[in-house]
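Each chain gets a letter, A, B and so on, in the order the sequences are listed, and its residues count up from 1.
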Amino acid sequence: MQPPPLPANIQALQTNARSLVGRSVGELARELNQQPPDQPTRAKGWTGRLIEIALGAPADAAAGPDLAHLGIELKSLPLDRSGKPKESTWVCMAPMDGRLPPLWRDSPPWHKLCHVLWIPIQAEPSIPFLDRRIGVPFLWRPDTEEEAELAADYAAILELIAHGELAHLDARVGKALQVRPKAADGSQTTLSWDGDGCLTTTRPRGFYLRRGFTTRLLDRQFAR
DNA sequence: GATTGATCATAC
DNA sequence: GTATGATCAATC
């Protein structure tokens with residue numbers, strides 16, 4: 001199997017994604033000539049990138065959906081032994097300097113989350129890394145209720161950032177969408193504003209979907 | 001066991 | 001340095 005080209009449309013993408021069901025990480029790596037990491041624990045995003053390669057997504061560092069021409073974001077969804085998401089889901093960076101648009105529908109997380117192709121994958125520690133298998137993919141658009149929840153969380157987060165109340169912006173804010181540190185280490189900084197309107201610095205952070213939220217997506221999709 | 005804050009690898 | 005892909009590991 002060669003790395004497929006950029007899928008021309010959603011149908012092609014879905015066909016490709018369905019062809020991965022039941023394949024193992026090791027098989028996929030071999031077929032795509034990707035060298036598996038020696039220490040999987042030190043290659044956190046490797047499987048996600050492997051799936052992107054398998055689906056023809058370009059590996060660029062630009063912000064925005066993976067498949068910009070289709071408006072679709074690819075997300076691997078690692079599952080634990082009970083079939084629930086193992087972790088929260090990375091969404092995108094959260095600018096701390098006031099560049100976040102006031103309207104949810106203009107926001108970076110909305111543009112990432114408005115149309116997602118989820119690729120479930122086994123991730124329980126008891127399964128050797130290369131033996132983990134890919135599950136049934138599903139396209140998702142937030143329904144009214146889900147979007148309202150995300151938008152409300154976004155508004156709360158935005159307000160804290162806009163008012164320079166970063167001390168109160170921790171991972172406990174937000175029912176579905178939360179903000180957590182996102183950096184190579186604790187020394188990283190980015191620009192922000194304090195409560196008096198003075199420029200300062202803070203730790204870089206990003207938006208994440210809580211585990212409970214993605215659990216509900218799975219439940220809805222597979223009606224379990 | 002779930003959550004929060006910290007961190008790892010890679011591309012550009 | 002900033003973005004992407006996330007999971008690790010300490011703590012609650």
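Rounded to a whole Å, the CD atom of A:Glu73 is 12 Å from the C1' atom of C:dA3. Between A:Leu77 atom CG and C:dT7 atom C1' the separation is 14 Å, expressed in whole Å. Rounded to a whole Å, the CZ atom of A:Arg203 is 12 Å from the C1' atom of B:dT7. Atoms CG (A:Leu191) and P (C:dG1) sit 12 Å apart, rounded to a whole Å. Whole-Å rounding puts the A:Arg205 CZ to B:dT7 P distance at 14 Å. Nucleotide B:dT3 holds its P atom 15 Å from the CZ atom of A:Phe213, rounded to whole Å. Rounded to whole angstrom, the span from the CD atom of A:Gln34 across to the C1' atom of B:dA11 amounts to 13 Å. Between A:Gln188 atom CD and C:dG1 atom P the separation is 6 Å, expressed in whole Å.
Heavy-atom neighbours of A:Gln11 CD from other residues, nucleotides or ligands within 6.0 Å: above the threshold of 12. Heavy-atom contacts from other residues, nucleotides or ligands closer than 6.0 Å to CG of A:Asp38 number 12 or fewer.
Of the candidate nucleotides C:dT4, C:dC8, B:dT4, B:dT4 has the atom lying nearest to any side-chain atom of A:Arg172. Distances from the side chain of A:Gln178 to the nucleotides B:dT4, B:dT3, C:dC8 place B:dT4 closest. Relative to the side chain of A:Lys84, the nucleotides C:dT7, B:dA2, C:dG5 differ in distance, and B:dA2 lies closest. Listed nucleotides C:dT4, C:dA6, B:dT4 differ in distance to A:Arg210; the shortest reach to its side chain belongs to B:dT4. Between C:dC8, B:dG5, C:dG5, one nucleotide has an atom nearer to the side chain of A:Thr41 than all others, and that is C:dC8. When each of C:dA3, B:dT4, C:dA6 is scored by its nearest atom to the side-chain atoms of A:Met93, the top-ranked nucleotide is C:dA3. Side-chain proximity of A:Ala183 to B:dT7, B:dG5, C:dA6: nearest is B:dT7. Listed nucleotides: C:dC8, B:dG5, C:dT4. Nearest to the side chain of A:Trp90: C:dT4.
Side chain of A:Gln122 to main chain of A:Arg133: a donor-acceptor pair is present (N/O by atom type, distance under 3.5 Å, no hydrogens or angles). Distance alone, capped at 3.5 Å, places no donor-acceptor pair between the A:Arg205 side chain and the A:Ala94 backbone. Here the side chain of A:Gln178 pairs no donor or acceptor atom with the backbone of A:Tyr208 at under 3.5 angstrom.
Between the side chain of A:Lys182 and the base of C:dG5, at least one donor-acceptor pair of N or O atoms lies under 3.5 Å.
If you check every strand for non-hydrogen atoms under 4.0 Å, A:Ala123 touches nothing. Within 4.0 Å (heavy atoms only), A:Gln39 reaches no atom of the nucleic acid at all. As judged by a 4.0 angstrom heavy-atom cut-off over every strand, A:Pro78 is placed among residues touching the sugar-phosphate backbone only. Using a 4.0 Å heavy-atom distance criterion, A:Arg42 is classed as a sugar-phosphate-only contact. Residue contacts shown for A:Thr190 are absent, as no nucleic acid heavy atom lies under 4.0 Å away.
Across the interface with DNA chain C, nearest-nucleotide mapping of A:Lys112 and A:Thr89 shows A:Lys112 to be the residue nearer the 5′ end. Residue order along DNA chain B, read from the 5' end via each residue's closest nucleotide, puts A:Asp80 first among A:Ala184 and A:Asp80. In this structure, A:Arg99 and A:Gly48 both approach DNA chain C, and ranking their closest nucleotides by distance from the 5' end singles out A:Arg99.
Inter-residue side-chain proximity for A:Leu191 and A:Thr201 is flagged as met; some heavy-atom pair is nearer than 4.5 Å. Residues A:Pro37 and A:Phe129 form a side-chain contact, since some pair of their non-hydrogen atoms from C-beta on lies under 4.5 Å apart.
A close approach under 4.0 Å does occur between a side-chain nitrogen or oxygen of A:Ser76 and OP1 or OP2 of C:dA6. Residue A:Trp46 places no side-chain N or O under 4.0 Å from the OP1 or OP2 atom of C:dG5. The phosphate of B:dA2 has OP1 or OP2 within less than 4.0 Å of a side-chain N or O from A:Arg211.
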